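Here the structure is a predicted model, which is why all the values come from computation and not from measurement. Letters go in sequence order (proteins before strands), and every chain restarts at 1.
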Number of protein chains: 2
Amino acid sequence: MTVAENEINKTTKQNITPVVEDYLKAIYSLRQTGETVRTAALAVRLNVKPPTVTAMLKTLADLNLIRYEPYRGVELTESGEQIALEVVRHHRLIELYLVEALGFSWDEVHDEAEVLEHFISEKLEARIADYLGNPTHDPHGDPIPNLDGTLPETTANTLADFSPAAREVRVVRVRDQNPDRLRYLSEIGLVPQSTIKIVAAEPFDGPITIQISKKKIALDRQLARLILVEEMKG
Amino acid sequence: MTVAENEINKTTKQNITPVVEDYLKAIYSLRQTGETVRTAALAVRLNVKPPTVTAMLKTLADLNLIRYEPYRGVELTESGEQIALEVVRHHRLIELYLVEALGFSWDEVHDEAEVLEHFISEKLEARIADYLGNPTHDPHGDPIPNLDGTLPETTANTLADFSPAAREVRVVRVRDQNPDRLRYLSEIGLVPQSTIKIVAAEPFDGPITIQISKKKIALDRQLARLILVEEMKG
DNA sequence: TTTAAGATTTAGACTATACTAAATTTTGTG
DNA sequence: CACAAAATTTAGTATAGTCTAAATCTTAAA
């Protein structure tokens, strides 16, 4: 906190609307890909037009939630990231809760969580986390941020990048939210914690062939990039 | 459906915002008291100023959700009431769910439900109702509207009006949402399904004395009016 | 190194929901 | 039954978040 706060720019609870939370979450998630976060990408992600994004970026900058360089891109400030992580925590807790407590399947939970994440109280969040035994990962294998805004350790390679030495690997995470693809993956048994064998990988962008309980399956390279695996230990 | 629909006034899903739902619910609940529903009462209930209510009443009338007579009052149309009942159903299912599944106490659930009622999907509503065994009453004893918009049978007198013949009665419903009063009532054991004995009632607006498991308690007349009881059968 | 294409921002407008101050209608009292 | 008090509506304004069209900046290619 080296920057002086003035009356005009003070971030209050009221300023943090669901829309603001969505922008922060989008910036957070686009940043994960490594690229600088630009207006166009945010517009696509949030389903609004670029001028709308520009207007909101100014607001967020005024609230000290992002650092905004016109024409160049944005990044979250410390407090912006805290809020993004809170929302992500809500999202992933809700997803897991719907699966564990109410019998939802993993392809159904995203849309529901996308809404509810903005509206559960601290108390409800705590009860849910408690019920679930303070879990570290959601049904997709995504890490659930801790209450203090730190992330649980996650080390994994994507299935696409993993050197294909006919090795057995464990699926730890599936970074996809498309219900149809998720249903397909469930069907073939490719879900977090399952074990698969990498059989062959075409060079460049060709498909990757894996084996799941005796069945061989060719996976699109793009899809393989969304699947995180780790080497079996022991 | 005798009134012709025109393009301008068509009610769409999008028109039904959380704010609209709150107005419909408020009209529904104020109507229960018998009085015609006026602008001032709505303003108090919804925590907005009267001109704000007037503006919204015009909108609701345009959407065919209410019948609005300027200066005289409003009532819900059939479709307005359907929406109000859906929201009430959500509210009460959520309250009961929080108590049954997540260990909330009855004084904690109202505020949480007040928000979430607007945001749960049909699917989540169904799973919750299912989990609870399609209940007919929430933790306050309030009836939960059915999916088709009908209300389960509820016959009861208020504790204030019940003829005090030293009779044993069963508490069926507590129409109060104030957390402090609800905690007090829990403390003395006055909750839905408990049995109490009416010992004495002062005339007019004096207190009513009741007995709960050997303890005599004087209850404010106004509070007694919020407590619904029925005669013990058998 | 100029310039055209692409990305971004500015300008101006719209909708939903809220407000205050002023005008109007209803109601209750004498 | 007249008129003051109370309730309600009208008029005009504000804010959050969105849009389209036009202007401007950045970048990549000739």
Q.
With nearest nucleotide decided by heavy atoms, which residue, B:Gly73 or A:Ala55, maps closer to the 5′ end of DNA chain D?
A. B:Gly73
**Q.** Side chain of A:Val48 - closest among C:dA18, D:dT20, D:dT18
**A.** D:dT18
Q.
What's the closest nucleotide to the side chain of B:Ala40 if the choices are C:dT17, D:dT8, C:dT27?
A. D:dT8
(Q) For B:Val48, is there any backbone N or O sitting under 3.5 Å from a side-chain donor or acceptor partner on B:Thr52? (A) no
Q.
Whole angstroms only, please: what is the NZ-C1' distance between B:Lys49 and D:dA14?
A. 16 Å
Q | Integer-rounded Å distance: D:dT8 C1' and B:Arg72 CZ | A | 11 Å
**Q.** Rounded distance (Å) that lies between atom P of D:dA16 and atom CE of A:Met56
**A.** 9 Å
Q. Taking CG from B:Asn47 and P from C:dT17, how many angstroms apart are they, rounded to a whole number?
A. 17 Å
Q.
Can you see if the side chain of B:Thr54 gets near the phosphate of D:dT9 - specifically, an N or O under 4.0 Å from OP1 or OP2?
A. yes
Q: Choose from C:dT20, C:dA18, D:dA21 the nucleotide whose nearest atom is closest to any side-chain atom of A:Pro51.
A: D:dA21
Q. Under 4.0 angstrom, heavy atoms only, what part of the nucleic acid is B:Thr39 near: base, sugar-phosphate, or nothing?
A. sugar-phosphate
Q: Kindly say if A:Tyr71 contacts the phosphate of D:dA23, meaning a side-chain N or O under 4.0 Å from OP1 or OP2.
A: no
Q) Base, sugar-phosphate alone, or nothing: which one does A:Thr59 contact when heavy atoms must sit under 4.0 Å apart? A) nothing
Q.
So that I know where these two stand, are A:His118 and A:His90 an aromatic pair - ring centroids less than 6.0 Å apart?
A. no
Q: Before giving the answer on side-chain contact (heavy atoms from CB on, under 4.5 Å), spell out for A:Val229 and A:Val172 the whole-Å C-alpha distance, their side-chain angles and the decisive distance to 0.1 Å.
A: CA-CA 5 Å; A:Val229 299; A:Val172 299; 5.9 Å; no
Q. B:Tyr68 has a side chain; which of D:dC19, C:dT27, D:dT9 sits nearest to it?
A. D:dT9
Q. Which part of the nucleic acid, if any, lies within reach of B:Pro70 when heavy atoms closer than 4.0 Å are counted: base, sugar-phosphate only, or nothing?
A. sugar-phosphate
Q | Nearest-Å distance for atom pair CG/C1', residues B:Leu42 and C:dT17 | A | 15 Å
Q | Under 3.5 Å: donor-acceptor pair, side chain of B:Arg31, backbone of B:Gly34 | A | yes
Q.
Measuring to OP1 and OP2 of C:dT8, would you say a side-chain N or O of A:Arg38 lies under 4.0 angstrom away?
A. yes
**Q.** Aromatic ring pairing B:Tyr97/A:Tyr97, orientation class (parallel under 30°, perpendicular over 60°, tilted between)
**A.** perpendicular
Q) Once you round it to whole Å, what is the distance between C1' of C:dT25 and CD of B:Glu69? A) 14 Å
